[in-house]
Amino acid sequence: MQERVFNFSAGPAVLPLEVLEEAQRDLLALPGVGISVLEISHRSKDFQAIIDAAEANLRKLMNIPDNYKVLFLQGGASLQFGMLPMNLLGNKSADYIVTGTWSKKAMSEAKTQGSVRCAWDGSAENFSKLPQPEEINLDPNAAYVYYTSNETIQGVQFPSEPETNGVPLICDASSEFMYKPLDISKYGCVYACAQKNCGPAGVTIVVMREDLVEASPDNLISVLSYKKMAEAQSMLNTPPCFAIYIFKLVTDWMLNVVGGMDKMYAINQKKAALLYDVIDASNGFYLGHAQKDCRSIMNVPFKMATADLDAEFIAGAKDAGLVSLKGHRSVGGFRASIYNAMPIEGVERLAQFMNDFMRKHQ
Ligand SMILES: *Cc1c(COP(=O)(O)O)cnc(C)c1O
């Protein structure tokens, strides 16, 4: 087999080796079933056991209260940009906190569905900082307040959720979902596509309070209605079976190998500190994009004073077994995505490489 390198891709992204090995081992025949998970009917009791276990693992890990529904949907996080306002706006308007590329996109997509207000906009600083609580201009009558807890491209992450004074809070947690324990009861809805931090592309996990699920209007086609999808337990039509299966294996790994969300968080903090310590100690050789009080534990964008050495950095990193480090074009430089499944050894090797590269060029 080809040796695996350390993959810092922003998404689809690294998966735990144990998960890939288990999927490979059981790909031809699920134990006790005798057929592949790729061939199994979603109406079979064997698939029902898989989706039930996926939900049970998620509920246990994230301590999800009973009055919240868990949905496994398709269409990626991007479909939620439209599905949320479609279901929840009614004849009100919604507030959007715009902190980066993804929240900006979500707001612009929501405008196709109705009335939307911008409650804060960080574009003037190229999305390198987050609002102070008093800077967020909220409408007390809004249908909901929407924010992106971790901006994948700019690497800005909310240390805690904004206060909305009772207005339902909706969170796109795509690039941080399940990186630390979360008090779900503070949210109306938390959703995430799986392919960043907790699984493969193809499934989007929506955790939504029951009263909001019930609010879906009747004039939507069924697969776009939270209410109808919840009534059918995400199986109104064929769900993304394989992606849900892999999500189940990832959550098994979080429970049994990592040992729960507190441990996951401790490992993630340690990994991020390794990289930010190199950046902070580099005397400006490396520059982080985000301000220190909001820099992300999951995505670490950084650059050098000029782009002259960028190609050499990328090529050297590749030789060291470190790939997918090129930054997004809107930020430049590099981005190391160090999601849950990135082993600490990968981050240690990157930190070492960054230090070696700096010494060579200082
Ligand atoms: C990747 C990403 C999206 C888009 O996800 P798709 O599944 O490709 O639609 C949305 N929001 C955030 C924060 C992301 O990181």
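What you see is a predicted model; the values in this text were computed from it and never measured. This chain uses plain numbering: 1 for the first residue, then up along the sequence. Both ligands and their constituent atoms are indexed starting at 1 by order of listing.
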Classify the angle between the aromatic ring planes of Tyr144 and Tyr96 as parallel (below 30°), tilted (30 to 60°) or perpendicular (above 60°). perpendicular

Relative to the ring of Tyr286, is the ring of Phe313 parallel (under 30°), tilted (30 to 60°) or perpendicular (over 60°)? perpendicular

Any side-chain heavy atom of Leu274 sitting closer than 4.5 Å to one from Glu348?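 In short, these two side chains touch, coming nearer than 4.5 Å.
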
Top protein contact for [atom], by heavy-atom distance:
atom: atom 9 (O) of ligand 1; answer: Ser78 OG, 2.6 Å
atom: atom 11 (N) of ligand 1; answer: Asp172 OD2, 2.7 Å
atom: atom 2 (C) of ligand 1; answer: Lys196 NZ, 2.5 Å

Under 4.0 Å from a heavy atom of [X]: give me the atoms of ligand 1 that qualify, with their elements.
X: Cys193; result: 5 (O), 7 (O)
X: Thr148; result: 13 (C)
X: Phe81; result: 10 (C)
X: Gly76; result: 7 (O), 9 (O)
X: Thr152; result: 12 (C), 13 (C), 14 (C), 15 (O)

Which segment of [X] sits under 4.0 Å of ligand 1 when only heavy atoms are counted:
X: Gln195; value: side chain
X: Tyr191; value: neither
X: Leu79; value: neither

As a check for students: among Gly75, Ala77, Ser149, identify the option with a heavy atom nearest to atom 6 (P) of ligand 1. Ala77

Between Lys271 and Asn268: side-chain donor-acceptor atoms closer than 3.5 Å: yes

Are Asp121 and Ser123 linked by a side-chain donor-acceptor pair shorter than 3.5 Å?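 Yes.
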
Taking the six-membered ring for Trp, are Phe8 and Phe334 ring centroids under 6.0 Å apart? no

Quick one: do Phe158 and Ile153 end up in the same hydrophobic cluster if we chain Ile, Leu, Val, Met, Phe, Trp and Tyr together by side-chain heavy atoms under 4.5 Å apart?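 Hydrophobic grouping puts Phe158 apart from Ile153.
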
Decide whether a cation-pi geometry holds between Lys104 and Trp120; the criteria are a distance under 6.0 Å from NZ or CZ to the six-membered ring centre and an angle within 45° of the ring axis. no

